[in-house]
Amino acid sequence: MKHIQKRFLLFVVVAASTLMPVVAQDLGEQKIDSLTIGEKQVQVAFRKVLKSNILGGVSVVNVEALTQKNYNTYSIDNMQGYIGGWNGNSLWAMDEYLALVDGVPRELNNVKPDEIETITFLKGAQAVVLYGSRAAKGAILVTTKRGKISPLTVDVRANTGWNVVKAYPEYLSSSEYMTLYNEALTNDGLGSKYSAESIYNSGSGVAPYRYPNVDFYSSDYIKKMYNRSDITAEISGGSDRARFYTNVSYYNVGSPLNFGEAKKTRSDRFNVRGNVDLKLNDFITAYVDGNVSFYNSKASAGDDYWKLASTFRPNRVSPLIPLSSIDPNATAALDLVANSNNIIDGKYFFAGTQEDLTNVFADYYAAGKTKYTSRQFQFDAGINIDLNKMLKGLSFHTQFAVDYATSYNTSYDNEYATYIPTWSNYNGQDVIVALKKSDTNDKKSGVQNISGSASNQTMAFNAHFDYNRTFNKNHNVSAIFVANGYQQTKSGEYHRTSNVNLGLQASYNYARKYYVDFSGSAIHSAKLAEGHRQAFSPSVSLGWNLAKENFMKGSAFDELMLSVSGSVLYTDLGIDDYYMYAGAFNQSDGSWWGWYDGQSIHATNSKRGENLNLTFLKRKEFSANVKTSLWNRMLTADASFFINSIEGKIITPNNLFPNYFFTYWPDATFLPYLNYDNDKRVGFDFALNYNKHFGQVDFSAGISGTYYTTKATKRDDSGYADAYQYRQGKAIDGIWGYECLGFFADDEDVANSPEQKLGGTIKPGDLKYKDQNGDNIIDSKDQVYLGRGGWYGSPLTLGLSLTAKYKGFTLFVLGTGGFGAKAIKNDADDTNYWWISGEDKYSKEVRRRWTPETAATATYPRLTTESGVNNFTNSDFWIYSTDQFNLAKVQLTYDFPAKMLKKTPINALSIYASGSNLLTIAKEREILEMSIGSAPQTRFYNLGVKVTF
């Protein structure tokens, strides 16, 4: 693999460098292309079209121009701030989308904003039909920069910035934790665990190593800020015969951890992209693109620090103890620890307890180190042939691509000893009088371990005939016939992810005034049974540009396009595996039986019934669009309305078949998969832009938004006894749980209320729920709809951007907001913060717990050392709003005047300062800015310079 890496990297660099002499021959003859899109063609499925000819469902961002005033580090960062239909998670509230980079399925995190020319968001069904099944829920097309007919140009951009943590979770100190844990024991009718002396000593801090109070978020372990730096060189140019673009970049980002091996935690990435365009003759052009990236991430071999920060109780262990804490007369202890290879800073040894023979802090010093390595190689090439001599307006285009991605982990795993201290107090001073060594020894194996190896491949091919011709000046006809397919092979997966289809689009417009468009795609999927593997997806669009009508002449409108589309797309998205149509049997969990004594045979059980009629899911959609510009593009607007239905989602029909089709023991079923559930989405999006000169100030403003609703239009609700639990008719991103009536006030209140059968012992201070069905029992039958979770993005997403240019200064401001969704305060992935019980770590939330004295003001249930399952389940007690508006970006750029650079080799020079994720305005800001069990959220402050030679 290493020789392939070297050869591929050499190819990219040499391909670009060998073109430079060719370019130099024509330096004085060429003109530089404009960077603005305007009425230039924009990328859609397999081709470029005039922006004014697009009939809705498409939004385009000129990333190349945007990057001049807004430096960022992720390809689709905050794109909801510029366009409608994208809410930061999905297109028109679909649950997935196809990402294509230069026409090839690729990950968007492997292309940087400074490599990108434009990003096209294909939202409507009519816009994605040509891509077939895998794009049925939308597509994002990233088009990278290409060389222009221009003199040789070199752009160098350098940035350095600091990530500053927004907030940390707050947990209780040891003394407060022990005090409240004793209270929890009392609530459960048990005796106290921690003595008053221990609590006092922990709180006083007089003997911090004997009475530990571990704070994971202390400045002893965490930096106030950490750096991210990058540098990029872009080299481009070309003549009519050959053009090239090369991007060479490197970035390095650190970590907030500041001790042990964690100090060295960092990630870096080196990337080279080369795009070459060639004119072979008057009717054939070709292109060759290559991209290589080398990514490394180094870290300690210790357990997940941030997750442990949410679970590791502060009083469990002192991870490091000074040697000075050992009594000078305890010679055995001193001799024992003297043999340690892990004396930190010459004065601390690793401590432990019988329960904690290792700890995360010692891990990060002595357990070793790990490195994640990823290599990606991407290659695509294409040929374009003008067949105008054969048939006027006809052309042929083809592309082939192959990508390889490999990754693996390497580690050096070490062992280390800890020492369990025995403490005593002499003359008022706490000292260690004895040490007991753990069973492990300090050992560095020196052996490099390799794990997690993965190797993925993508192969893609498409070929299409295009036809574009105008008859009698007004009759514009275009068509495309495409064959398209790709396969992705992934480690550990037997079957490839595949997509293959034939596509046809035929369009006609009269004088760019009246439009009609038909598109269709014939798709194939091997996930279905023979005879059901093909389908045809049609789409029809109509458009009317009113601005071209005589009665609109002289009006303020430059453009006023109205369009409507109707589509039915078939897809295998949602068919999660192969052979789901087939019956399945196994013996792995069958019961043992025999015909006679001494014989034992493993029974064969049915695990799934057969359904050869399992078929594609369907996206049925109607959409309407209005696109306009006024007063010579001073004001532009683009708005869409959509209503779509995803039909035939696959279910296991537990309630539609008689109950003798399955048994709980042995675990066996003859139930097949069925196409059954239907979902409906209705919404609209918009983008409004204003551009105006005020004296010497160029001002522009944009506002964008997306709103959608969801509804489950078909569900098997026969398993629910009461209509209020029916999922049909409710939002598909709905949160379900109990309606909370407050806390139980006293034992009498508990006795006189419906019996709560959610688990655990019910006492005063526990949550009390409403008996929805009146059966005097609280159980799952009392769960109700609580609100929308916004799983596909906030129901309402807004974006606001402002740009003001004055002389050489450019001020850019971007804000984004999400509104209308709810969330539950709960603890995911075994973290502790909200739902605290048993031996969990206590957060500051428990300070507001219920006690008889705080009954009137409490906002948290009583403490318990039991499971607390009655309290810690979904209910409106825990629900909160995720409504927020974020000041996502502020950047000030200064472009030096050209006259200042006349006598230098520099053609252009810009400097800028920016801040990202600066401010969140929200009622629940504290919750929204806090990360539990993962690295903290940060604000990013950056300084940058761009030089053009």
Side-chain angles (χ1 to χ4, degrees), residues 168-185 192-222 257-260 262 302-303 305-327 330 333 337 340 342-345 347-367 416-426 428-438 832 836 838-844 846:
Y168 294 117
E170 184 179 343
Y171 291 93
L172 302 190
S173 65
S174 291
S175 60
E176 194 172 7
Y177 164 77
M178 291 188 289
T179 300
L180 296 187
Y181 187 83
N182 282 346
E183 180 183 307
L185 289 167
S192 296
K193 179 178 180 179
Y194 300 106
S195 67
E197 181 184 9
S198 295
I199 294 172
Y200 172 80
N201 288 331
S202 293
S204 66
V206 294
Y209 299 103
R210 182 174 184 179
Y211 303 98
N213 181 27
V214 179
D215 179 6
F216 277 72
Y217 302 101
S218 164
S219 59
D220 293 339
Y221 312 117
I222 306 293
L257 297 178
N258 195 32
F259 70 98
D303 291 333
Y305 183 87
W306 302 110
K307 185 172 182 179
L308 284 169
S310 73
T311 59
F312 196 94
R313 298 185 302 276
N315 65 322
R316 278 175 57 169
V317 64
S318 289
L320 284 81
I321 296 179
L323 293 170
S324 60
S325 295
I326 304 175
D327 186 345
V337 79
S340 173
N342 294 305
I343 302 301
I344 305 304
D345 296 336
K347 55 184 178 181
Y348 296 99
F349 67 89
F350 295 153
T353 67
Q354 292 291 352
E355 294 78 22
D356 293 295
L357 294 176
T358 62
N359 64 76
V360 63
F361 299 96
D363 282 350
Y364 274 57
Y365 277 107
Y416 61 87
T418 58
Y419 301 86
I420 303 170
T422 300
W423 291 87
S424 188
N425 188 283
Y426 293 155
Q429 182 178 359
D430 290 289
V431 293
I432 295 172
V433 295
L435 288 175
K436 180 182 178 181
K437 180 177 168 292
S438 64
N832 304 150
I836 296 172
E839 300 296 312
D840 291 346
K841 187 174 184 177
Y842 282 16
S843 74
K844 70 172 186 176
V846 303

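Keep in mind that the numbers below use all heavy atoms, side chains included, and drop hydrogens, waters and symmetry copies. These numbers come from a predicted model, not from an experiment.
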Nearest-0.5 Å distance, [atom1] of residue [X] to [atom2] of residue [Y]:
X	Y	atom1	atom2	answer
L172	I836	CG	CD1	7.5 Å
I432	L323	CD1	CG	9.0 Å
K193	L185	NZ	CG	8.0 Å
Y177	N182	OH	CG	9.5 Å
N359	Y364	CG	OH	12.0 Å
N201	S195	CG	OG	8.0 Å

Going by heavy atoms in the side chains, are [X] and [Y] under 4.5 Å from each other?
X	Y	value
Y305	I222	yes
Y419	S340	yes
L320	Y209	no
E839	R313	yes
I321	F349	yes
D356	F312	yes
V431	V433	yes
Y217	P169	yes

Determine, step by step, whether F350 and I344 satisfy the side-chain contact (heavy atoms from CB on, under 4.5 Å) criterion, reporting the C-alpha distance in whole Å, the side-chain angles of both residues, the deciding distance to 0.1 Å, and the verdict. CA-CA 8 Å; F350 295 153; I344 305 304; 3.6 Å; yes

Between Y416 and D363, is the side-chain contact (heavy atoms from CB on, under 4.5 Å) condition met? List the steps. CA-CA 8 Å; Y416 61 87; D363 282 350; 2.5 Å; yes

State whether a side-chain donor-acceptor pair under 3.5 Å links D430 with Y211.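 Absent: no donor and acceptor within the cut-off.
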
Does the side chain of N832 pick up a donor-acceptor pair with the side chain of Y842 at under 3.5 Å?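 Checked: N832/Y842 side chains show no N/O donor-acceptor pair below 3.5 Å.
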
Which pair of non-hydrogen atoms, one from [X] and one from [Y], has the smallest distance, and what is that distance?
X	Y	answer
V317	A351	CG2-O, 4.0 Å
S198	M178	O-CE, 3.8 Å
A366	N342	CB-OD1, 3.7 Å
P212	S318	CB-OG, 3.2 Å
K437	A417	CE-CB, 3.8 Å
D303	V360	O-CG2, 4.1 Å

[X] (side chain) donor-acceptor with [Y] (main chain) under 3.5 angstrom:
X	Y	result
S310	K307	yes
K841	A309	yes
N213	S174	yes
T418	L357	yes

Between V214 and R316, is a side-chain contact (heavy atoms from CB on, under 4.5 Å) present by the stated rule, with each step listed? CA-CA 8 Å; V214 179; R316 278 175 57 169; over 6 Å; no

Quick check: F361 with F216 (ring centres under 6.0 Å apart)?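 Close enough - the centres of the two rings lie under 6.0 Å apart.
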
Is there a side-chain contact (heavy atoms from CB on, under 4.5 Å) between Y171 and T311 once you walk through the steps? CA-CA 10 Å; Y171 291 93; T311 59; over 6 Å; no

Is the number of heavy atoms from other residues, nucleotides or ligands under 6.0 Å of E197 CD greater than 12?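 Not more than 12 within 6.0 Å, no.
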
